[in-house]
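Just below is one structure, and these are the notes that go with it.
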Amino acid sequence: MSTRKAPTAPQQVRSQAREQARKHLRNQVRIGGGLWRGRKLDFPAVAGLRPTPDRVRETLFNWLAPVTPGCRCLDLYAGSGALGFEAASRGAAEVVLVERDAHVAKSLRDNQQRLEATQIQIVQADALQFLKGTPRPFDVVLIDPPFGQGLLEAALAAFAQGGWLAPSAWIYLEAERALTSEALSALLPEGFELYRSKVAGQVGYHLARRL
């Protein structure tokens, strides 16, 4: 019967170092285009924090390419900041990132300072509470909330109250694949329609525009 030797102290140190390196890689996302193309954003390991995949972001910002430069953008459930920082990198004039978790918000501020991103504003607040404040119009709104909590529906209902969406606004929506385009269309503020819809794995991603 063979026996397996216990790992030596140096082996344990190397194993721990590799595990830490893997964790670090899992907690980074790369900006795909624009001024900061290739730069990495760090974000903490927080339950439910789910950065938009690279391929999905690339498709989204191809859709938004004509309107992103110079726009005012709201990233409502900012999380890793992948969407909001991508918008700023691709020329958005102002980007407001709203994030409830203090640890995640600090990470966003650290990334902002490292990139010297003066066009980005970090707001630590609950997204729905933020929408109860004084509205100001945005050209692009990015809504990618944690799934299965009714947050997407609540945010769209808040936007329907008016004031947050510019006359030519676009709304990006990320949701569970089970939420069909037809069901999502019924949730949109009055005067909006789905312009693009795609699925990647278990995620559906959609872009809405004014009629």
Minimum side-chain heavy-atom gap [X]-[Y] below 4.5 Å:
{"X": "Ile120", "Y": "Leu97", "answer": "yes"}
{"X": "Leu173", "Y": "Leu156", "answer": "yes"}
{"X": "Pro146", "Y": "Leu151", "answer": "yes"}
{"X": "Asp54", "Y": "Arg57", "answer": "yes"}
{"X": "Pro137", "Y": "Arg72", "answer": "yes"}
{"X": "Val96", "Y": "Glu94", "answer": "yes"}

What's the shortest heavy-atom distance between [X] and [Y], and which atoms?
{"X": "Leu128", "Y": "Tyr77", "answer": "CD2-OH, 3.7 Å"}
{"X": "Leu49", "Y": "Pro44", "answer": "CD1-O, 3.9 Å"}
{"X": "Phe159", "Y": "Pro189", "answer": "CB-CG, 4.2 Å"}
{"X": "His206", "Y": "Trp63", "answer": "C-CZ3, 4.5 Å"}

Check your understanding: Salt bridge or not for Glu58 and Arg37, using N-O below 4.0 Å?
Key -> no
Review point. Does the pair Asp110/Lys106 count as a salt bridge with the N-to-O cut at 4.0 Å?
Key: yes
Does any N or O in the side chain of [X] come within less than 3.5 Å of the main-chain N or O of [Y], such that one atom is a donor and the other an acceptor?
{"X": "Asp139", "Y": "Ala169", "answer": "no"}
{"X": "Glu99", "Y": "Val104", "answer": "no"}
{"X": "Arg30", "Y": "Gly38", "answer": "yes"}
{"X": "Arg177", "Y": "Gly201", "answer": "yes"}
{"X": "Glu153", "Y": "Leu187", "answer": "no"}
{"X": "Thr68", "Y": "Leu64", "answer": "yes"}
{"X": "Arg210", "Y": "Leu165", "answer": "yes"}
{"X": "Ser107", "Y": "Asp42", "answer": "yes"}
{"X": "Glu176", "Y": "Val203", "answer": "no"}
{"X": "Asp75", "Y": "Gly81", "answer": "no"}

Exercise for review: Kindly state whether the ring of Trp170 and the ring of Phe138 have centres lying under 6.0 angstrom apart.
Suggested key: no
Taking atom [atom1] of [X] as the centre, report whether more than 12 heavy atoms of other residues, nucleotides or ligands fall under 6.0 Å from it.
{"X": "Gln149", "atom1": "CD", "value": "yes"}
{"X": "Arg55", "atom1": "CZ", "value": "no"}
{"X": "Arg100", "atom1": "CZ", "value": "no"}
{"X": "Glu193", "atom1": "CD", "value": "yes"}

Review point. Do Phe61 and Val67 belong to the same hydrophobic cluster, where Ile, Leu, Val, Met, Phe, Trp and Tyr are linked whenever their side-chain heavy atoms lie under 4.5 Å apart, directly or via other members?
Key: yes
Exercise for review: Check the hydrophobic clustering (I, L, V, M, F, W, Y; side-chain heavy atoms under 4.5 Å; chains of links allowed) and say if Phe192 and Leu152 are grouped together.
Suggested key: yes
Review point. Sequence neighbours excluded, which residues qualify as side-chain hydrogen bond (donor to acceptor under 3.5 Å, both in side chains) partners of Glu174?
Key: Arg50, Thr52, Tyr172
